[in-house]
Structures are given as structure tokens and as C-alpha cells.
Protein chains: 2
Amino acid sequence: MGIKELARHLNISIGTVSRALNGHPEVNAETRKRVLEAAAELGYAPDQAGRSLRQGTLNVVALLLSTDLTSKTDTMFFMELSRGIQDQFAEHGLDLVIHLNKPDLDMLDRVKRIVERRQADALILAETRDNDPRLDYLAGRNFPFATMGRSWSGGTHPWMDLDFDFAMRAAIDRLAGFGHRRVALVTGDPGYRLDSMLQDAFRRELAEHGMPLDEALMIKTDTHEEGGYKAMTDFLAMAEPPTAVIFPHYRAVVGAYSYLSETGRQPGRDVAILSCSADTAIAQFMAPPLTCFRLDLYGLGRRLAQALLASMPRFAESYGNALIQEIWPWELVGRDSDGFHVG
Amino acid sequence: MGIKELARHLNISIGTVSRALNGHPEVNAETRKRVLEAAAELGYAPDQAGRSLRQGTLNVVALLLSTDLTSKTDTMFFMELSRGIQDQFAEHGLDLVIHLNKPDLDMLDRVKRIVERRQADALILAETRDNDPRLDYLAGRNFPFATMGRSWSGGTHPWMDLDFDFAMRAAIDRLAGFGHRRVALVTGDPGYRLDSMLQDAFRRELAEHGMPLDEALMIKTDTHEEGGYKAMTDFLAMAEPPTAVIFPHYRAVVGAYSYLSETGRQPGRDVAILSCSADTAIAQFMAPPLTCFRLDLYGLGRRLAQALLASMPRFAESYGNALIQEIWPWELVGRDSDGFHVG
DNA sequence: CTCTATTCCGTAAACGTTTACGACGATAAC
DNA sequence: GTTATCGTCGTAAACGTTTACGGAATAGAG
């Protein structure tokens, strides 16, 4: 099953076998055919370790995800994204593998392990934090990597991100059009760049629309169902509750819907609910269907992979050697969760 | 950064360095300390390719998932499962990596690639199909693997599965107790062992409870939101609709809820909805909260990993060299989606 | 002092590839 | 007939580890 056996079986040298399999030009056409046939018949495939050892490359890109995702974010988002990444890499013979890890501190260790043991040729990080030490480490080692979501400093590494400024403007435009003036925002930990940007954009757009800013209407909490449930509970206990709530994180909406339903209220009638999340399958099947943002997650994944490839010396020329950092547009999908006029 | 540099830096041989790092007994305590310190300081970690080449082991286990998961199943299920698997493997210094692949035919190629290129020491398959060629291939190559969900033949490989017989009995017991006699079942493609078992159990339990079996009430469709939506549409268009519907697949429930809401109906009042899925975070936040089954997904993942480890020569002795195949119990969590009496 | 056992460490082979280098024969050029 | 060119292939080194083997030094036993 090794290349040696294959060579012996064909009565040629291992060098020729290797050249034949790797498509080198200096091998006779008929010899190549014989080699390929024999390889297919005997089920030979080059050992990854041997090849990697020799040419220092593994044909594997790692995507590092935190197990937090299970509890805090929309797993669908990353699944769709991964599908795009995977397909793009496949065109270059690269495999995508997902590494799950405990969140926070261990993450740096895992990154170090991947780099130092050479478990992948490049790395994709999903969620970056303020002063994320992983970015410095990777940049210092000159290891190719990309991130989903820009980092705080912008950085000189490739990334893809979403246009949250646009989303927030579109959301508040829409709510203002319906006559809302007390709008609330429920985000997660502002230690994440995403939540920080959302809060900034929220403040700015409120000001632009001449709406009052009430800090009590900006709740930072967990981004899953329970966080949304509690946030909605708090809002409705206020002397003057908001008439509209923006939940950038989709899963929090589920909790909010739940509390509203329990108390006999209805989203889209008693309070407007709007999400800045991607329009994954469930949104249109909520009751009432959720207003959120349409986005080509699969395409985003592909483009993220392209950005990373463009930063890898081996593939850079195919992608114009450019540093690719893009902010992706999306489109507001108005549904019934916020479709009513106040006042 | 190689072991050679490290050895030169310490003025000892690479053999001793290797032994020191790998905890072999025949090395002086003080030498070992020096080596470990220097390795930490210089950020040395053994190259995976070199090590793998030498000792034929990689310390990596692969979990193969289909990109279908995105559209068809509850991604949360596999995330929680993966977390358990990951933690169990970590105790033995193994990493879990997830390979995403297109469904169906390509899957066998991917499995072959993983085995032939030695990209992992063992493999976990998530969804097996009738006459799944991947199982035969792996067994033929004597490659360690385990599956989530038993295969059709039972097989001689380790697996974990859920007690769907129990679930179906508990579900129909409960519905019978509420007075239901026209109960429907919405499953996916019976080419999957899971759906096939559910249908069998459903028929059996109906008979045991003296309920009539109406084949029109057994719909096979997609297991995502849209499938549930359409199934519910079909049911309610019947001359004599079912009074209760069992949706083993959680995501189909979302679609069913959606249709009910659109037509002014309410789950748990106009029709009973019950799911045999695991009780993931969303179930209790649906409106009304969904009756389903409580399950320790994390523990299940750990146990699945143990079962696999027990089948790997390297680790077998720690686990008693046994073939581990287990059917896990779960517990019905009665909520409001089916809590009403008929007639 | 001799012999043996023990502790520690260096040497070198091996794992399965890829590839630089050189060699061989055949063909073409003069 | 000599030389250069080309196409094809074999040889061997190299990648970074681990580990079997043997050797040197020390200690203990007689």
C-alpha cells in the first residue's frame, strides 16, 4: 500500500511513480496511465504524513470554533458559512476541518498547537475579541489566517464582515417610518467586536433620526433564548416600555417571543421585534415571521476562503496577491414581527 | 524550532530530547527539567507529520458530518454531541476534528481519503443509511470507527443510539391518556435507520393501544421547517384530520407551529403536537413550549467517544476491550404543546 | 580488584514521500 | 561521425520524529 509496493508492482522506480501521480510533465504518457490505473486498482493514496514531512504542506485548513457556539449563537450561521468555505477550498484540493475548543483562554493554546504541530496550512477564526492574543500570535508567526468579523484594529489580515452600520440604519429607518420613538437594543458582551459595533451604530442612528437615547433601553445580556426572555421581561416591567426592540442575535428573539406569548402579547402588534441577524430558515417560520436581513451565507463563506487563499503564498497568484477585507451588504426582509404603526 | 535545534541549544542529543518530552523513564530528572523548560521557552512542539510518520499515529479523530445537516436536522444536536466527544478525547491527548462533506456519494470518497491518507486515527459517522457502503469499507480496512445511531444490521462496530421504542411508547401512552385516537406521524426518508425505526415503533404502539392505523396519517417528508409546514397543511385539509401529530424531528415542529398560527389555530388547543427530539434549548421557548424528550447529549457524546476508544488497540485496555453498543434512555418532558383532552 | 547491574545517554535506522541530480538512449543538427 | 538536445527514468538525499541498540560511567556486590 506504500509507494514502494506500488513501484515494485509496476517494475519502475518510486520516483517515477511519484511524478506520475503528481502530474509532472517529464513522464511518459503510457507510464502515467499504467501508474494511475494501478494506484486506483490497489487503492493507493499518498500518506499525508510522508508528503507533509517532505514538502511542508498538509492541504488542510482549520476552522476554529468555540463550544460556546452551542449555547450562545446561531449554529446554522456557521454551518452555512462552513459549507461555502469547504466548497471553495475543495477547488484547490484543500480540506476544511473544524476544530472545536473550549472558549477563552484555552483557545490560544489550541491555536498554538495547530501552528506548532503544523496541523493545518492556514487557520480561520470565527469570533475575535478585544485585544485577541490569537491574532498577535498568528501574525507574529507569519501563519496564514483569516477571520470572520473584522478585528478591533482592522488588522492586516484578510477578513469578511457584515455591514452592521447599514443594518442598523435600515432597521431604525424602518421603525421610524412606523412612528416608533422608543427603540431598544439587546446585544451581547461588548467585548466582542460585533456587539460593540452594533451599540455604536445604534447610538449614531438614534441621533441621526432625532430619537432620544435612553441607556436603560440598551441591555447587554446573553445572546441565547434565556437572555432574550429576560430582556423582554425587563422592558415590559418598565414604567415606559419601548415600543420596538432590536435583537441582533436571532436566538434571543425566540426567548422574547416566548415571554410575549406567555403574557398574552403578540410580536408585531403589542411590540415591534426586529433582528439584525441573517435570515436563516427558521425566521420565516416564526409566528409571526421575523423581520431580519437576507444574506448569502454560502457566498460569504466562499469569499472568506478566497481571501485566505489570496494571503497564502502558494495560492496568492491566482487571487492577485491582494489583501482582501470586505464588508458584505445585506438586505432587510420586512415581515410581520414589526409591521405596525404606533401612536 | 526543530528537535535538532533544541538539542543543539541544550548540548544534548536529539534522542534524549525526544525521550524527555515523551516522558520516558530512562532520562535524568534534571535533564528532563532542562528540556521541558527550553521547549516551553523556545516554543517547540513536535511536528505532527514527523511523529505521525514514525509511529503511524496522529492523535486525531475525525467526525464526518454531511452538509445536509444545515438544512435537514437540528444542528444543535451535533454541536452538543461534539462537545462531549471532544472532552472525552482530550483526556487522552486526542483532538476531534469535524469534516464536512457533501452528502451521499461523495461521502464514501471522503471516508476513503481519510483512511488512505491517514488523516485520522479513527472515525465517527453521524448518519448511516441502509446498506451504507462506508461501514463495509471501514470494517474491511479494519479501521477503528463508531457511529451515532445503530446501523441496519446492528453491526460489530461500537455505536450509541437512542431508545426510540421507549419514546414512541411514552408518546402514544401520553396521547392516549388525553383521549386521542387519531394520531399522525411525520418522519423523514425511511432510508435512514432512524426514520425507519420510528415508523415501525409507531405502528406497533398504535396496535398495542388499540388505535386504528391510517396510512394517510404517516407522512414522509423533509425534516426541516418547510416539511413540517406542508405536513400540517395536508393534515388539516383532510376530511377527518388527526387530533395529535408526532414530529420526531424538531425543526419540522417549527413549520407546523407556523402553519397553525397562520390559520388562527394553536398547538396544544386545536391540535396536539409532540416531538421525539432531544430537548434542546429552543423547545421550552416555543409558544407554547414543546413536549419532547430530555437527554444528556453531552454525556452521550462522551460515551460515544469511550465506545470508540475501547475499540482502538492503543486504548482498549483502559476500557476493558469490550464492544460497546448502547441504547440511551431519555425522559418525556410534558409541556403545553399537547396538553389537552379531546372528546 | 573484578564482575555485574543500573542509570543515563548518543548513534543511527526507519517511517513514506518528493525532488534535485545525473544517466541513458534516441533523435536531430552540423 | 561528432555533438547537442530532448524525453524519460533511476538514485539518493531530505523532511522531523521515535526508538532499538549499544556504550560509558557509576555504583554495588563479592
Side-chain angles (χ1 to χ4, degrees), chain A residues 1-36 38-39 42-60 93 112-121 141 314, chain B residues 1-36 38-39 42-60 93 113-121 141 313-314:
Chain A
M1 57 186 70
I3 199 176
K4 267 185 284 195
E5 289 186 52
L6 185 58
R8 191 151 32 83
H9 182 260
L10 287 165
N11 264 335
I12 57 182
S13 75
I14 61 171
T16 304
V17 173
S18 175
R19 279 185 290 259
L21 291 173
N22 293 10
H24 288 222
E26 66 273 46
V27 50
N28 185 290
E30 204 221 344
T31 308
R32 162 167 295 126
K33 193 157 77 76
R34 280 179 55 222
V35 170
L36 290 178
L42 302 186
Y44 168 79
D47 181 291
Q48 196 59 254
R51 161 179 287 178
S52 165
L53 187 57
R54 170 61 216 233
Q55 57 186 15
T57 195
L58 210 53
N59 290 336
V60 163
K112 282 185 177 172
R113 197 144 34 118
I114 292 172
V115 172
E116 288 167 357
R117 315 193 107 142
R118 294 169 198 76
Q119 296 189 123
D121 299 334
R141 301 281 301 224
R314 224 176 358 140
Chain B
M1 58 186 72
I3 199 176
K4 268 185 283 195
E5 288 186 52
L6 185 57
R8 191 151 33 82
H9 181 260
L10 286 166
N11 265 332
I12 56 182
S13 77
I14 61 171
T16 304
V17 173
S18 175
R19 279 186 290 259
L21 290 173
N22 293 7
H24 288 223
E26 67 274 46
V27 50
N28 185 290
E30 204 220 346
T31 308
R32 162 168 295 128
K33 194 157 77 74
R34 281 178 55 219
V35 171
L36 291 178
L42 302 186
Y44 167 79
D47 181 291
Q48 196 58 254
R51 160 179 288 179
S52 165
L53 186 56
R54 171 61 216 236
Q55 57 186 18
T57 196
L58 212 52
N59 290 336
V60 163
R113 199 144 32 119
I114 291 172
V115 172
E116 288 166 357
R117 314 194 109 144
R118 296 170 195 76
Q119 296 189 123
D121 298 334
R141 302 282 300 226
R314 229 182 344 145

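Chain A is the first sequence line, chain B the second, and so forth, proteins listed ahead of strands; every chain is numbered from 1. None of these values were measured; they are calculated from a predicted model.
Atom-to-atom, CD of Glu30(A) to P of dG7(D) comes out at 18 Å; the value is rounded to the nearest Å. One interatomic measurement links the two molecules: CZ of Arg34(A) to P of dT8(D), which rounds to 14 Å at whole-angstrom precision. Rounded to an integer number of Å, the gap from Leu6(B) CG to dG10(C) P is 13 Å. Rounded to an integer number of Å, the gap from CG of Asn28(A) to C1' of dT8(D) is 7 Å.
When all heavy atoms of Ser13(A) and Ala7(A) are compared, the closest pair comes out as C-CB, 3.9 Å. Arg32(A) and Gly23(A) get closest at one heavy-atom pair: NH2-C, 3.5 Å. Taking each heavy atom of Ala45(B) and Arg117(A) in turn, the nearest pair found is CB-CG, 4.3 Å.
Each end of the helix from dC1(C)-dG30(D) to dC30(C)-dG1(D) yields a helix axis from five base pairs, and these two axes differ in direction by 50° (to the nearest 10 degrees).
Note that the OG1 atom of Thr16(A) and the CG atom of Asn28(A) stand 10.5 Å from one another [nearest 0.5 Å]. Here the CD-CD1 distance, from Glu116(B) to Ile114(B), works out to 11.0 Å after rounding to the nearest 0.5 Å. Atom CD of Gln48(A) and atom CG of Leu58(B) lie 9.0 Å apart (nearest 0.5 Å).
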Exercise. How does each nucleotide of nucleotides 13-19 of chain D score, in 5' to 3' order, for protein heavy atoms under 4.0 Å: base (B), sugar-phosphate only (S), or none (-)?
Worked result: BBBBBBB

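Heavy atoms from other residues, nucleotides or ligands lying under 6.0 Å from CD of Glu26(B) number more than 12.
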For this session: Go through the steps to decide whether Arg314(A) and Asn59(A) satisfy the test side chain to side chain donor-acceptor pair (under 3.5 Å), and finish with yes or no.
Result: CA-CA 11 Å; Arg314(A) 224 176 358 140; Asn59(A) 290 336; 3.2 Å; yes

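Residue Ser52(B) is out of contact with every strand shown, counting any heavy-atom pair closer than 4.0 Å.
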